[in-house]
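Report on one structure; see the data block that follows.
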Amino acid sequence: MIVRNLNEVRKSDRNVRSSDGWASARMLLKDDGMGFSFHITTLNAGTELKMHYQNHLESVFVLKGTGTIEDLGTGETHELKPGVMYALNEHDRHIVRPETDILTACVFNPPVTGREIHDETGAYPAEADFVREPAPAD
């Protein structure tokens with residue numbers, strides 16, 4: 001069993017801050033062996049975050065705050081507010097525009113290691129396929 005406290009994670013090296021306008025507390029990472037990573041991420045008000053996760057699928061649930069997400073493939077813009085979820089199920093190129101600070105819960109598959117940085121396209125680098133080791137016998 002893995003148990004972590006958000007406030008403690010935010011004080012550790014699992015809390016990644018970007019000069020682009022976000023901070024992400026990495027609650028679960030690749031080395032936790034779950035097959036996905038789980039993050040509590042804050043997107044800063046007034047920023048424009050252009051991203052394109054070519055190597056990862058991501059699902060995001062908005063806990064607090066407001067803004068928009070634009071699907072660059074279709075040109076559609078969607079409102080972000082508490083209770084809204086979006087999933088980048090087709091490696092969708094997108095721009096998030098927080099009007100206020102937005103607090104989110106995010107899941108990445110495959111899991112991230114925790115030290116990735118967005119490249120010039122807005123993507124994280126690809127990692128080797130995830131293989132879960134069997135649990136040790138009791």
Side-chain angles (χ1 to χ4, degrees):
M1 180 181 296
I2 300 167
V3 177
R4 293 200 172 101
N5 178 291
L6 177 58
N7 290 329
E8 291 173 11
V9 169
R10 283 184 169 154
K11 295 175 189 172
S12 76
D13 64 354
R14 286 177 164 263
N15 195 54
V16 177
R17 295 186 170 276
S18 164
S19 60
D20 294 336
W22 56 266
S24 184
R26 310 296 175 79
M27 303 298 291
L28 290 171
L29 291 168
K30 181 178 181 176
D31 64 2
D32 291 313
M34 294 292 295
F36 60 90
S37 56
F38 178 72
H39 316 213
I40 301 297
T41 300
T42 302
L43 309 171
N44 297 345
T47 58
E48 185 171 281
L49 305 166
K50 186 175 182 179
M51 293 173 274
H52 182 202
Y53 295 117
Q54 299 169 52
N55 305 304
H56 297 83
L57 299 176
E58 181 189 26
S59 177
V60 177
F61 183 76
V62 178
L63 299 164
K64 283 191 203 179
T66 60
T68 60
I69 182 169
E70 180 182 352
D71 181 334
L72 294 175
T74 66
E76 291 180 284
T77 298
H78 304 276
E79 184 180 1
L80 298 177
K81 61 184 180 181
V84 171
M85 183 276 307
Y86 65 87
L88 304 169
N89 60 321
E90 295 183 3
H91 305 284
D92 310 273
R93 291 181 312 110
H94 62 286
I95 299 175
V96 177
R97 296 181 180 98
E99 295 162 358
T100 66
D101 285 356
I102 298 177
L103 181 67
T104 66
C106 313
V107 176
F108 278 84
N109 184 17
V112 300
T113 64
R115 303 310 328 146
E116 292 84 356
I117 354 176
H118 291 104
D119 67 15
E120 65 282 349
T121 69
Y124 286 147
E127 279 283 323
D129 291 336
F130 174 79
V131 177
R132 184 182 179 128
E133 297 297 324
D138 289 329

For this session: Would you kindly confirm whether Trp22 and Val84 end up in one hydrophobic cluster when ILVMFWY residues are joined by side chain heavy atoms under 4.5 Å apart?
Result: yes
For this session: State which residues pass salt bridge (Lys or Arg N to Asp or Glu O under 4.0 Å) with Arg10; sequence neighbours excluded, sorted by chain then number.
Result: none
Problem set entry | Closest non-hydrogen atom pair, Val96 against Met51 | CG2-CE, 4.1 Å
Seminar exercise, completed: Rounded to the nearest 0.5 angstrom, the OG1-CD1 distance for Thr47 and Ile95 is 11.0 Å
Exercise. Which pair of heavy atoms, one from Met27 and one from Ile40, lies closest together, and at what distance?
Worked result: CG-CG1, 4.1 Å
Exercise. Just how far is it from atom OG1 of Thr42 to atom CG of Asp101, taken to the nearest 0.5 Å?
Worked result: 7.0 Å
Seminar exercise, completed: Heavy-atom closest pair (Gly35 atom, Pro111 atom, distance to 0.1 Å) is O-CD, 3.5 Å
I'd like a table of donor-acceptor pairs (distance under 3.5 Å, sequence neighbours excluded) in which one partner is a side-chain atom from residues 64-71, with atom names and distances.
unit_1	atom_1	unit_2	atom_2	d
Thr66	OG1	Glu99	OE1	3.3
Glu70	OE1	Arg97	NH1	2.8
Glu70	OE1	Arg97	NH2	3.1
Asp71	OD1	Gly73	N	2.8
Asp71	OD1	Thr74	N	3.3

Exercise. For Glu8, does its backbone N or O pair with a side-chain atom of Asn5 as donor and acceptor, under 3.5 Å?
Worked result: yes
Exercise. Which heavy atom in His94 sits nearest to a heavy atom in His52, and how many Å separate them?
Worked result: CE1-N, 4.4 Å
Problem set entry | Point-to-point distance, once rounded to the nearest 0.5 Å, from CZ of Phe38 to CG of Asn109 | 14.5 Å
Problem set entry | Exam field: side chain Asn15 to backbone Ser12, donor-acceptor pair closer than 3.5 Å | no
For this session: Check Val112 against Leu29 and note the closest heavy-atom contact, atom names and distance.
Result: O-CD2, 3.5 Å
For this session: Could you grab the distance from atom OG1 of Thr113 to atom CG of Asp31, nearest 0.5 Å is fine?
Result: 8.5 Å
Exercise. Are any of the side-chain heavy atoms of Lys30 and Pro110 separated by less than 4.5 Å?
Worked result: no
For this session: Indicate, with yes or no, if Leu57 and Tyr86 share a hydrophobic cluster defined by side-chain heavy-atom contacts under 4.5 Å among Ile, Leu, Val, Met, Phe, Trp and Tyr.
Result: no
Exercise. His56 vs Phe108 aromatic rings, parallel, tilted or perpendicular, using cut-offs 30° and 60°?
Worked result: perpendicular
Seminar exercise, completed: What one should report as the nearest heavy-atom pair of Cys106 and Thr41 is SG-OG1, 3.9 Å
Problem set entry | Arg26 vs Val16, side-chain contact (heavy atoms from CB on, under 4.5 Å): CA-CA, chis, key distance, verdict | CA-CA 8 Å; Arg26 310 296 175 79; Val16 177; 4.1 Å; yes
Problem set entry | Reported CG-to-OG1 distance for the pair Leu72 and Thr77, which is rounded to 0.5 angstrom | 9.0 Å
